[in-house]
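Start at 1 with the first residue, then count along the sequence.
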Amino acid sequence: MMPSERHATGRSSLTHLACSFCSATYAPDQLTTTCPVCGKVLFARYDLAAAAHAMTPQALPLRPWNLSRYAEILPLQNPESAPTLGEGGTPLHDAPSLARQFGFDRLLIKDEGLNSTGSFKARGLAMAVARAKELGATTVAIPSAGNAAAAMTAYAARAGMPAVVAMPKDAPAAMRAECLAYGADVLLVDGLIDDCGLVIRAGAAAFGWCDLSTLREPYRAEGKKTMGIEIAEQLGWRLPDALIYPTGGGTGIVGMWKAFAELETMGLIGPARPKMIAVQAEGCAPIVRAFAAGATHAERWSNAQTLAAGLRVPAAIGDYLILAAIRESGGTAIAVSDAEMQVGMSLAAKNEGLFVSPESGAAVSAARTLRSHGFLRADDLTVIFSTGSGLMHVDLIDVSAGAIDPHASDLVAVIGARLSSAQKPAGAAHRPYR
Ligand SMILES: *Cc1c(COP(=O)(O)O)cnc(C)c1O
Ligand SMILES: [Zn+2]
C-alpha cells in the first residue's frame with residue numbers, strides 16, 4: 001500500500017435531501033433551509049449500499065479520527081478543502097468512581113469538551129460552515145446561546161467568511177469573547193435564543209446571510225451524528241444500552257438516531273438501540289413536559305430560566321423528531337434543577353478529573369437519579385455526554401476558597417495535617433458526594 005493511501009478517506013455518497021415530516025425530496029446542490037412544502041426539518045440522504053462498500057470495519061482503522069473518517073455518510077463533496085480544527089475523535093472515558101457511586105457495572109463519559117471551541121457544537125458547525133461554503137454562501141449567521149456562536153465564528157474565520165451571531169445579552173462571557181476574538185459581528189439580544197432567531201432570519205431575508213440555526217438547515221445534524229458513529233466504533237460496532245444527553249434544540253439526539261438507522265442499513269450494527277434519554281433543566285423543560293403528556297409536539301416554555309445556557313431553548317423545531325427517538329428507543333426525558341447540575345459538575349470533576357459544563361453536570365446528575373429510581377439497571381452500559389468544557393464556566397466555581405492568605409505557611413500545616421490524618425478511602429464509593 002502506498003503511504004498516501006493510508007490516510008485516504010472516502011467520497012460522500014450524498015444523493016438528495018428528504019423532508020423528515022412530509023417526505024418531499026430535493027436536490028442537494030443548493031443552499032436550503034427547512035422543507036419548502038411543510039416547513040419541517042430536512043435530512044441529508046445517502047446511497048448507503050455504496051457507502052457500505054467503502055466504509056467498512058476493515059477500512060476505517062486506517063483513517064484519522066476526525067469527521068472525514070465517515071466521509072461516505074457525510075455531505076461534503078470536497079472534505080480535503082473544508083475548514084477543520086481537529087473536531088471529533090473525542091475519548092469515551094470509563095468513569096469507574098461514578099459507576100461505583102451510582103451503582104452501574106460500567107459508566108462511560110463521551111468527552112466532547114475536548115473539541116475545538118470547547119463543545120460538541122464544533123462538529124455540527126464544522127460541517128455546516130464547510131457545506132455552506134462549498135454551496136456558495138458568502139456570509140454565515142446564527143442565533144445561539146453561546147457555544148454554537150463560538151464554534152461557527154471559529155470555522156467562519158478559518159474559511160475566510162464573514163460571520164454574524166445573535167446571542168442573549170446574558171450569554172456566558174467566555175463565549176461572547178471568543179466570537180469577538182474570531183472577528184464576528186456580535187448582536188446581544190434582550191431575550192432568549194428564539195428571539196435571536198428572529199433577528200438572524202430578518203438578516204438572512206434582507207441580506208442573504210446563510211442561517212445556520214439548529215435543524216433549520218440539514219448539515220449541522222450530519223456533523224453531530226458523528227458522535228453516535230464514533231461511540232459505535234469505539235465500542236467495537238455495538239451500541240450502549242443507554243445514552244444520556246443534555247437536550248436543547250436536540251440536534252445531537254436527532255443526528256445520532258438518524259446515524260444509527262444508517263449504520264444498521266449499512267450492516268455495521270444490528271437493530272438494538274440505546275435508550276435515548278433527554279435531560280433538560282427544571283426551568284426550561286418543554287421536551288420533558290411533552291414526553292410526559294404523550295404529545296408529539298412540545299409547546300413553547302414560557303419564562304425559561306437556567307444557568308445551563310445550552311438548555312435554555314424554549315421551543316425546538318425538531319421536537320417531533322426528539323420525541324420520536326425517545327419513545328421508539330424506550331428512553332425517557334428528565335428535568336434536573338440548577339443545584340443538581342452543579343452537584344453533577346462537582347461529581348465529574350472530583351471523581352473523574354473531568355471539568356464539565358453545567359449541561360453535562362445535568363446529565364451526570366440524571367444518570368444518578370435514573371439509576372437510583374431503577375429506570376436504568378446496574379448492567380445497562382450507559383454513556384453520559386459531556387457536551388462542553390467547564391473552562392467556559394469558571395464563574396460557577398467559588399474561587400474564594402483559594403484566596404491569598406498572609407499566613408500561608410500556617411495553612412500548609414493545616415492542610416498537611418488534614419490530608420495525612422484522612423483515612424485513605426478503599427474506593428470512591430466511600431467518598432462523600434461533595
Ligand atoms: C447546545 C448545547 C447543548 C444542547 O445541544 P442540542 O444538541 O442542541 O440539544 C447541550 N450542552 C451544551 C454545552 C451545548 O452547547
Ligand atoms: Zn416537508
Shortest non-hydrogen contact between A150 and T117, atoms and distance: O-CG2, 3.8 Å
NE2/H297: more than 12 non-hydrogen atoms of other groups inside 6.0 Å: yes
Nearest heavy atoms of L14 and P75, plus distance in Å: CD2-O, 3.9 Å
Salt bridge E222-R131, side-chain N to carboxylate O under 4.0 Å: no
Closest approach of A304 to C284 (non-hydrogen atoms, all atoms of both residues): CB-SG, 3.7 Å
Rounded distance [0.5 Å steps], CZ in R327 versus OG1 in T296: 7.5 Å
Minimum heavy-atom distance between L67 and G88, given as atom pair plus value: CD2-CA, 4.2 Å
Identified side chain to side chain donor-acceptor pair (under 3.5 Å) counterpart of Y70 within the set K225, E230, R63, E233: E233
Flag if over 12 foreign heavy atoms under 6.0 Å of CZ, F21: no
side-chain contact (heavy atoms from CB on, under 4.5 Å) evaluation trace for R158 with Y182: CA-CA 9 Å; R158 196 150 172 88; Y182 296 129; over 6 Å; no
Pairing of D170 and R312 as salt bridge, 4.0 angstrom limit: yes
Pairwise distance OH(Y245) to OG1(T251) - rounded to 0.5 angstrom: 5.5 Å
Reference residue L125; test side-chain contact (heavy atoms from CB on, under 4.5 Å); the match among V140, L212, T153: L212
Distance-only donor-acceptor check, side chains Y46 and S12, under 3.5 Å: no
Rounded distance (nearest 0.5 Å) linking atom CD of E359 with atom OG of S386: 9.5 Å
S116-Y155 side chain donor-acceptor pair, cut-off 3.5 Å: yes
Flag, side chain of S329 to backbone of A325, donor-acceptor distance under 3.5 Å: yes
Atom CZ of R377 with >12 non-hydrogen neighbours under 6.0 angstrom: no
No-hydrogen, no-angle side-chain donor-acceptor test under 3.5 Å, T33 and E217: no
Any donor-acceptor N/O pair, D338 side chain to L307 backbone, under 3.5 Å: yes
Presence of salt bridge, R216 and D211, under 4.0 angstrom: no
Carboxylate-amine/guanidinium contact D194 R300, below 4.0 Å: yes
Electrostatic pair E340:R368 at N-O distance under 4.0 angstrom: no
Pairing of R11 and E80 as salt bridge, 4.0 angstrom limit: yes
Pairwise distance CG(L263) to NZ(K258) - rounded to 0.5 angstrom: 10.5 Å
Donor-acceptor pair between S372 and T369 side chains, under 3.5 angstrom: no
